[in-house]
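Proteins get letters first, then strands, A, B, ... in listed order; numbering begins at 1 in each. What you see is a predicted model; the values in this text were computed from it and never measured.
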Protein chains: 2
Amino acid sequence: MMKKQLIMEKALELFAKHGFEATSVQQITEHCGISKGAFYLSFKSKDELILALIDHFMMQITSDIDYIVRNTKDDKELLYQFYYATFDSFHKHSDFAKILIKEQTQTFNQEFMLKMHYYNRLIQNIILSLLERLYGDEVKQTKFDLIYCIKGFMSTYSELFLFYNAPLDLDLLSKSLVEKTNLLARHTTIPFVSQELIQMIKQPLNEEVTKEQILKIIEQRIAEMDEPIEKESLILLKQQLLDPTLPRAIVKGLLENISNHPHCKWISYLLRCYFEF
Amino acid sequence: MMKKQLIMEKALELFAKHGFEATSVQQITEHCGISKGAFYLSFKSKDELILALIDHFMMQITSDIDYIVRNTKDDKELLYQFYYATFDSFHKHSDFAKILIKEQTQTFNQEFMLKMHYYNRLIQNIILSLLERLYGDEVKQTKFDLIYCIKGFMSTYSELFLFYNAPLDLDLLSKSLVEKTNLLARHTTIPFVSQELIQMIKQPLNEEVTKEQILKIIEQRIAEMDEPIEKESLILLKQQLLDPTLPRAIVKGLLENISNHPHCKWISYLLRCYFEF
DNA sequence: TTGACAAATGACTCAATAGTCACTATTATA
DNA sequence: TATAATAGTGACTATTGAGTCATTTGTCAA
């Protein structure tokens with residue numbers, strides 16, 4: 001639906017500028033040039049709108065980063081590519097990133113908090129796999145601490161260009177953070193954040209993605225898809241989900257077929273997780 | 001006035017739990033067990049309340065940290081003491097620290113933003129002086145970048161115990177961050193944040209503390225003060241402010257006299273800045 | 001042209017909130 | 001005890017904002 005997208009775009013601008021609470025539905029509809037009623041045809045409530053925004057962009061950002069990490073073959077490049085992709089994604093979706101930072105510790109809504117935790121954990125897992133791949137046993141004791149350093153870098157340095165309009169030299173920023181991360185990873189001996197601590201603070205949110213959820217999303221995508229290759233790949237992947245008979249190489253290839261399509265990023269991310277690629 | 005303090009304490013709790021916008025004056029007065037009118041006898045508005053809270057706690061926190069940095073003679077201890085004092089202060093004032101993190105990028109109020117920027121800059125200057133003292137020319141190119149790393153550590157690791165109730169081992173945390181800071185300070189070669197960048201993003205807030213402002217505060221303190229030594233020291237410092245005749249050593253001594261008194265922390269901080277100790 | 005259906009409107013309701021003010025209670029003083 | 005000064009009250013106003021719904025407008029096929 002076109003209206004939904006329009007509302008999301010315009011609301012994003014206002015939320016980024018004034019914050020979620022401080023933006024009224026009235027303002028959103030005026031900014032869209034539609035009536036108040038029209039808003040409620042697309043979204044059941046203002047809350048549903050912000051949740052939709054979070055899902056839409058977090059899926060995009062998470063799968064962007066994950067894709068880069070999984071597809072950078074050269075370990076020497078990996079960290080650089082990770083930071084580059086991360087800040088590039090934040091920069092591309094800067095209005096959303098602003099909202100994310102502004103509202104991340106806000107407590108309006110149970111569902112909101114759950115979503116935030118969920119995506120937070122996804123990103124944490126991506127960083128963890130990256131650390132394990134790059135440094136292996138070297139960071140056995142320190143890897144959970146390193147995750148927090150990296151997340152700290154991500155938020156601190158984002159703020160510079162998001163809220164202070166600092167010019168963003170993505171290459172320099174990434175190189176600078178690669179150096180820092182390598183230094184910390186190679187020489188840290190006193191971690192503060194241990195696996196126990198992570199376990200301890202982990203909220204009880206068992207939000208594993210189930211096969212049923214993936215099936216639901218894959219069916220939606222199949223219905224929307226026009227391109228024949230992608231569509232067929234999705235259909236085959238769906239069958240594989242229901243009845244796993246295809247060899248891993250073929251599944252990998254099918255995933256490859258869809259993973260560059262803009263509308264398939266999320267589903268391809270979920271499938272990669274599910275099939276453990 | 002007693003009421004003012006009661007309101008500040010109770011409001012702090014509610015703001016920390018639900019956020020500033022989401023807490024109504026009604027709720028605050030109910031939580032205090034007073035009427036709505038009584039609130040407006042102590043504060044002109046809800047905004048004035050949050051500004052008072054910020055001033056009260058940021059003065060405390062800033063002067064705590066500054067005092068430690070200035071009074072740790074042993075350079076080997078300095079960084080440890082800095083982190084220890086910082087997180088200790090955040091932990092002691094954890095309700096306030098929560099508000100600070102939750103609302104720091106919020107944009108309700110021009111005055112609010114100015115205050116935040118102001119205290120931000122103060123802390124930034126403390127960190128800068130610490131870095132220059134410890135590493136000198138070694139960090140000439142990287143010191144502004146290091147400030148951002150340290151601030152990143154401060155906010156990331158605070159969140160762990162502020163919002164996730166992680167147990168706080170202050171000693172371990174400080175040691176861990178000392179190691180990290182040393183690593184980064186000694187080996188970073190590619191800074192992202194340069195002095196130019198800092199200059200570029202610095203908002204035009206020329207909020208220098210004037211002699212008049214200091215005089216006003218010092219007079220308040222003199223009026224409130226009971227202890228004879230502290231009171232006399234304040235009076236002499238006030239005279240020195242109006243007519244600088246005393247030798248530096250004496251001024252230093254007078255400052256020393258008052259700097260441990262809980263009600264003089266802020267004024268002693270301001271005076272140290274003014275007399276350039 | 002008609003009539004059936006969907007899309008869109010915006011005046012309205014209801015709840016909540018910041019801030020006011022005429023009044024009351026309390027305390028200090030003479 | 002009487003009086004004045006101060007502290008405290010809570011019903012009230014004015015305003016805003018989320019969400020609703022009776023009505024209008026637009027778009028088809030027949």
Side-chain angles (χ1 to χ4, degrees), chain A residues 1-56 99 102-103 106-113 115 223-224, chain B residues 1-55 99 102-103 106-113 115 220 223-224:
Chain A
M1 188 189 287
M2 233 61 261
K3 271 287 151 56
K4 212 160 175 167
Q5 210 170 318
L6 173 74
I7 293 171
M8 282 171 79
E9 271 170 33
K10 297 296 185 183
L12 189 72
E13 290 171 24
L14 295 175
F15 288 163
K17 214 181 287 174
H18 308 118
F20 175 73
E21 296 265 28
T23 305
S24 68
V25 175
Q26 196 91 250
Q27 283 172 281
I28 296 170
T29 55
E30 275 165 22
H31 199 220
C32 291
I34 62 169
S35 69
K36 210 166 177 192
F39 175 91
Y40 287 94
L41 290 176
S42 295
F43 295 96
K44 275 213 294 293
S45 65
K46 200 181 150 190
D47 275 10
E48 200 187 85
L49 167 61
I50 187 86
L51 292 175
L53 279 171
I54 289 171
D55 268 333
H56 180 256
I99 297 173
K102 274 190 182 179
E103 319 282 356
Q106 225 60 38
T107 30
F108 353 91
N109 189 313
Q110 183 65 23
E111 212 181 330
F112 177 90
M113 294 301 288
K115 261 201 201 316
E224 291 169 7
Chain B
M1 188 187 287
M2 234 61 261
K3 271 287 149 54
K4 211 158 175 169
Q5 209 170 317
L6 172 73
I7 293 170
M8 281 171 78
E9 271 170 33
K10 297 296 185 184
L12 189 72
E13 290 171 25
L14 294 175
F15 288 163
K17 214 181 285 174
H18 312 297
F20 175 73
E21 296 266 29
T23 305
S24 69
V25 175
Q26 197 92 250
Q27 285 171 280
I28 297 171
T29 56
E30 274 164 23
H31 200 221
C32 292
I34 60 169
S35 70
K36 211 163 175 199
F39 175 91
Y40 286 95
L41 290 177
S42 296
F43 295 97
K44 276 214 293 293
S45 65
K46 200 181 151 192
D47 275 10
E48 200 187 85
L49 167 61
I50 186 88
L51 292 176
L53 279 172
I54 289 170
D55 268 333
I99 297 173
K102 274 191 182 177
E103 319 283 356
Q106 226 59 38
T107 29
F108 356 88
N109 189 313
Q110 184 64 25
E111 211 180 331
F112 176 90
M113 293 302 286
K115 261 202 202 317
Q220 277 175 17
E224 293 169 4

Residues that Ala52(B) engages under side chain to side chain contact (heavy atoms under 4.5 Å, CB included), provided they are two or more places apart: Met8(B), Phe43(B)
Side-chain heavy-atom pair Phe20(B), Leu53(B) within 4.5 angstrom cut-off: no
Return the set of residues passing side chain to side chain donor-acceptor pair (under 3.5 Å) with Ser24(B) (not counting sequence neighbours), or none when no residue passes. Gln27(B)
For Glu30(A), which residues count as a salt bridge (charged side-chain N to carboxylate O under 4.0 Å, His left out) partner, sequence neighbours excluded?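 Glu30(A): no salt bridge (charged side-chain N to carboxylate O under 4.0 Å, His left out) contacts found.
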Identify, with sequence neighbours excluded, every residue that meets salt bridge (charged side-chain N to carboxylate O under 4.0 Å, His left out) alongside Glu9(B).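 Partners of Glu9(B) under the salt bridge (charged side-chain N to carboxylate O under 4.0 Å, His left out) test: none.
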Separation of [X] atom [atom1] from [N] atom [atom2], in whole Å?
{"X": "Lys4(B)", "N": "dG8(D)", "atom1": "NZ", "atom2": "C1'", "answer": "17 Å"}
{"X": "Phe43(A)", "N": "dA18(D)", "atom1": "CZ", "atom2": "P", "answer": "15 Å"}
{"X": "Ile7(A)", "N": "dA8(C)", "atom1": "CD1", "atom2": "C1'", "answer": "11 Å"}
{"X": "Ile34(A)", "N": "dA6(C)", "atom1": "CD1", "atom2": "P", "answer": "20 Å"}

Would you mind building the protein contact string for nucleotides 11-28 of chain C? One character per nucleotide, 5' to 3', B for base within reach (heavy atoms under 4.0 Å), S for sugar-phosphate only, - for untouched. ------SBBB--------
Any pair with a residue in residues 31-45 of chain B that passes salt bridge (charged side-chain N to carboxylate O under 4.0 Å, His left out), sequence neighbours left out, goes on the list, sorted by first then second residue, please.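 Only Lys44(B)-Glu48(B) qualify under salt bridge (charged side-chain N to carboxylate O under 4.0 Å, His left out).
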